[in-house]
Protein chains: 2
Amino acid sequence: MSRPNDLRRPLTLRDVSEASGVSEMTVSRVLRNRGDVSNATREKVLKAAKTLGYVPNKIAGALASQRVNLVAVIIPSLSNLVFPKVLSNISDELEDTGLQPVVGVTNYSPEKEEQVLYEMLSWRPSGVIIAGLEHTDAARAMLQNTDIPVVEIMDVDGEGIDSVVGISHRRAGLHMAEAITAAGYRQIGFIGTKMPEDHRARKRFEGFKEGLAKAGLTLADTEFYAGGSALAKGREMTETLLRRSPNLDFIYYSNDMVGAGGLLYCSDLGMDVPAQIGLAGFNGLDLLDGFSQRLATMDACRGEIGRKAAQIVAKRSQNDQVASEVIELEPVLQPGDTIRRI
Amino acid sequence: MSRPNDLRRPLTLRDVSEASGVSEMTVSRVLRNRGDVSNATREKVLKAAKTLGYVPNKIAGALASQRVNLVAVIIPSLSNLVFPKVLSNISDELEDTGLQPVVGVTNYSPEKEEQVLYEMLSWRPSGVIIAGLEHTDAARAMLQNTDIPVVEIMDVDGEGIDSVVGISHRRAGLHMAEAITAAGYRQIGFIGTKMPEDHRARKRFEGFKEGLAKAGLTLADTEFYAGGSALAKGREMTETLLRRSPNLDFIYYSNDMVGAGGLLYCSDLGMDVPAQIGLAGFNGLDLLDGFSQRLATMDACRGEIGRKAAQIVAKRSQNDQVASEVIELEPVLQPGDTIRRI
DNA sequence: GTGAAAGCGCTAACAA
DNA sequence: TTGTTAGCGCTTTCAC
């Protein structure tokens, strides 16, 4: 095979047009499978494009057609395990729509979020899927001012801008508190992250305290951590907490990874879980399947959230007269082996 | 504040120009911090842009300037834990360069990779960072034909197209075999993934067998799995393997997650690790920090790979006369607590 | 320090 | 079925 492109510049439609003896417009039609083109012409064009190694310029195409097949997905983190899952479901759901997700990561910083959003909006995507309901004023204004569909995901506790798909983290925390107190636990501790910007974790925490209050209880002790391997932190923090408050009979963790670390710690010490001490996390990570005892948790509906959000964007990008939707999913308690049965 | 954009169309430079009484050209200069603009004009423009809520159209900008600040990052998976780490390091490293990573996921499918690559190249990014050295002929042709910098990452065992940053997985496997045999293990089993397209896992496996051969050994037994939670699979497969071959004194896992599952299984059964049986994985996940025994592993240099790859792209996008580089990093054995000391 | 004209590579709309 | 024309919203270049 001869070197297809010896030029020092990228190939254009015009090159394919000249190589095939067909007008640029018809070449464009063939390459996009648009309109009626005779088979003979189609073959000629396809062959020319292939041997040249032509790759269309979507920038020019997008400018001319005012259409961009990109969907901006803005999430706080990729190391959380939660978001890769959401993302892969968005990706799967978008598969046959011609839309492509583009990911932006904010590291839980509102300023970074604003910046990433601005950057992404300037590419005029077909939709925006963004985690959470809390944004800077400027970010909120951008989202409100745009005509493209916006889906805020993960959380429904608050005011949405356009469409919303998520769960109530407040109620998730509340229900967990109810389950725990119903199981007879009374000395309850909490281990969470030192992340003021993780609003969903905060809401679960608040809902949890509210649930305890309903049962006439307050948190017996709490511990917060920042950074590091969540599993290792779970272990450490659990030790710290239990040293300080040996009478605890339950620990609620802000996520499954720290919870799993706590579970490992308790197991290693030969503590009787769930009789002596109960444990619960949050997210419903399938990672937990590998442990000898299954940590109690609550499914965050990550998969479903990604799928629904993608569907909304896809639907709206085909017909922009569709109304915005607010979808609240119901997280389900998975009692596992670390809450005692009543 | 009054509604900034009551039009049904996105704002253009012209709108800002009219609102501020400054020419489009000067508005453009202000918004890009280019050229000399008087302070008075700058203020006027900035104010107009802000109150209107103008978001520049990068599509038009890119077409006109022939410059796109995007870097395509093409990886097999996001649920692997390995790639999010690489990605976040790329992202960090690119932070101050004005370049933005755009992620494409291939699910270990060469066809999907080709498709994603084509899609991304059609946006004319400033660089491509792509996992692995194995690609379809068409993908390889696209990468060869393009003028933009290409960095193949993770693996150095093979022929690169342009720049390459990675480790030798073959030698990683080989060195692990040497360490294991040196520690006196003789009945060695292997647990891996059923993924023909995971070339790096395959190379480690081959290198491992080669290392055993040097010590006059062959694998005593092997087991391969597909799908599911790696931790749970590690547990199951270890059970299967040990049931079938109870005389094994070592198991090498194709990655840390399955290895950790195996470790949990052995601990639960009260087996004496590493005296009775030794275990090792691969990747150097910090997840392992939380376990009571630390799994032996080998650092895949994920962080460093991402950083170096990003540096190469950044450097080349500033000066395209820079030569391509091949960087081989050295994975370090982390013996942890699951290989017995000699 | 500022502005006017031309054009980036493609596609919409229309003409043949 | 195919071709022609006129932009899409910016930036480059050059003029003032």
Side-chain angles (χ1 to χ4, degrees), chain A residues 5 7-46 48-49 52 54-69 98 119 121-126 146-147, chain B residues 5 7-46 48-49 52 54-69 98 119 121-126 146-147:
Chain A
N5 176 10
L7 295 71
R8 286 282 44 152
R9 76 177 159 73
L11 295 159
T12 68
L13 259 191
R14 161 174 241 110
D15 295 309
V16 183
S17 166
E18 282 168 1
S20 62
V22 176
S23 79
E24 285 188 44
M25 196 53 235
T26 301
V27 171
S28 169
R29 285 194 185 98
V30 171
L31 265 21
R32 285 177 300 144
N33 289 313
R34 283 284 171 81
D36 291 325
V37 181
S38 75
N39 253 319
T41 325
R42 153 168 282 107
E43 300 296 321
K44 261 194 298 190
V45 169
L46 254 22
L52 287 174
Y54 172 70
V55 178
N57 185 330
K58 288 225 180 201
I59 298 170
L63 184 61
S65 67
Q66 306 281 58
R67 242 191 305 278
V68 177
N69 69 336
E119 182 76 18
L121 284 181
S122 70
W123 287 100
R124 304 285 188 263
S126 290
T146 186
D147 238 14
Chain B
N5 176 12
L7 296 70
R8 285 282 45 150
R9 75 176 162 72
L11 295 159
T12 67
L13 260 191
R14 162 174 239 111
D15 295 309
V16 182
S17 165
E18 281 167 2
S20 61
V22 176
S23 79
E24 285 188 44
M25 195 51 239
T26 302
V27 171
S28 168
R29 283 196 186 97
V30 172
L31 265 21
R32 285 176 301 145
N33 289 312
R34 281 284 173 81
D36 290 326
V37 180
S38 74
N39 254 320
T41 328
R42 151 167 285 108
E43 299 295 321
K44 262 195 295 189
V45 170
L46 255 22
L52 287 174
Y54 172 69
V55 177
N57 185 330
K58 287 226 181 198
I59 298 171
L63 184 61
S65 67
Q66 308 281 59
R67 244 192 303 277
V68 177
N69 70 336
E119 182 77 19
L121 284 182
S122 71
W123 285 101
R124 303 286 187 265
S126 290
T146 185
D147 238 14

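This one's a predicted model, so the numbers in the text were calculated from it and none came from an experiment. A, B, ... follow the sequence lines: proteins, then strands. Residue 1 opens every chain.
Taking a 6.0 Å sphere around CZ of B:Arg32, one finds it holds more than 12 heavy atoms contributed by other residues, nucleotides or ligands.
Nearest nucleotide to the A:Asn57 side chain, out of D:dG9, D:dC10, C:dG9: C:dG9. Each of C:dT11, D:dT2, C:dT2 was ranked by its minimum atom distance to the side chain of A:Ser38; first place goes to D:dT2. Of the candidates C:dT11, C:dT2, D:dT2, D:dT2 carries the atom nearest the A:Val37 side chain, counting heavy atoms from C-beta on.
Contact check for A:Val22 versus A:Arg29: no side-chain heavy atoms found under the 4.5 Å cut-off. Here the side chains of A:Leu31 and A:Val45 are in contact, with some heavy-atom distance below 4.5 Å.
Distance B:Asp15 CG to D:dC10 C1': 13 Å, rounded to the nearest Å. One can place CZ of B:Arg14 at 10 Å from C1' of D:dG9, the figure rounded to the nearest angstrom. Rounded to whole angstrom, the span from the NZ atom of B:Lys58 across to the C1' atom of C:dC8 amounts to 17 Å. One atom, CG of A:Leu63, and another, C1' of D:dG7, lie 9 Å apart when rounded to the nearest Å. We find that CD of B:Glu43 is positioned 12 Å from P of C:dT2, with the value rounded to whole Å. If you measure from atom CG of B:Leu13 to atom C1' of D:dG9, you get 7 Å, rounded to the nearest angstrom.
The 5' end of DNA chain C is approached more closely, in terms of each residue's nearest nucleotide, by B:Asn39 than by the other of B:Arg124 and B:Asn39.
Between the side chain of B:Ser17 and the backbone N or O of B:Leu13, no donor-acceptor pair lies under 3.5 Å. No donor-acceptor pair closer than 3.5 Å links the side chain of B:Ser122 to the backbone N or O of A:Asn57.
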Pairs of donor and acceptor atoms involving the side chains of residues 58-67 of chain A, under 3.5 Å and at least two apart or interchain, shall be tabulated with distances.
from	atom 1	to	atom 2	distance (Å)
A:Lys58	NZ	B:Glu119	OE2	3.0
A:Ser65	OG	A:Gly61	O	2.8
A:Ser65	OG	A:Arg67	N	3.3

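For the pair B:Ser65 and D:dC10, the criterion of a side-chain N or O lying under 4.0 Å from OP1 or OP2 is not met. A close approach under 4.0 Å does occur between a side-chain nitrogen or oxygen of A:Tyr54 and OP1 or OP2 of C:dC10. The phosphate of D:dG9 (OP1 or OP2) has a side-chain N or O of A:Gln66 nearer than 4.0 angstrom. Between B:Thr26 and the phosphate of C:dG3, there is a side-chain N or O to OP1/OP2 separation shorter than 4.0 Å. One finds a side-chain N or O of B:Arg67 lying less than 4.0 angstrom from the OP1 or OP2 phosphate oxygen of D:dT12.
Summarising the geometry, atom OG1 belonging to A:Thr12 is positioned 7.0 Å from atom OH belonging to A:Tyr54; distances are rounded to the nearest 0.5 Å. How far CD of A:Glu43 is from OG of A:Ser38: 9.5 Å, rounded to the nearest 0.5 Å. To the nearest 0.5 Å, the span separating CG on A:Leu52 from CD on A:Glu18 amounts to 10.0 Å.
A heavy atom lying under 4.0 Å from DNA chain C marks the following residues of residues 28-36 of chain A, by number: A:Ser28, A:Arg29, A:Arg32. Near DNA chain D, defined here as any heavy-atom distance below 4.0 Å, the residues from residues 17-25 of chain A are A:Val22, A:Ser23, A:Met25, listed numerically.
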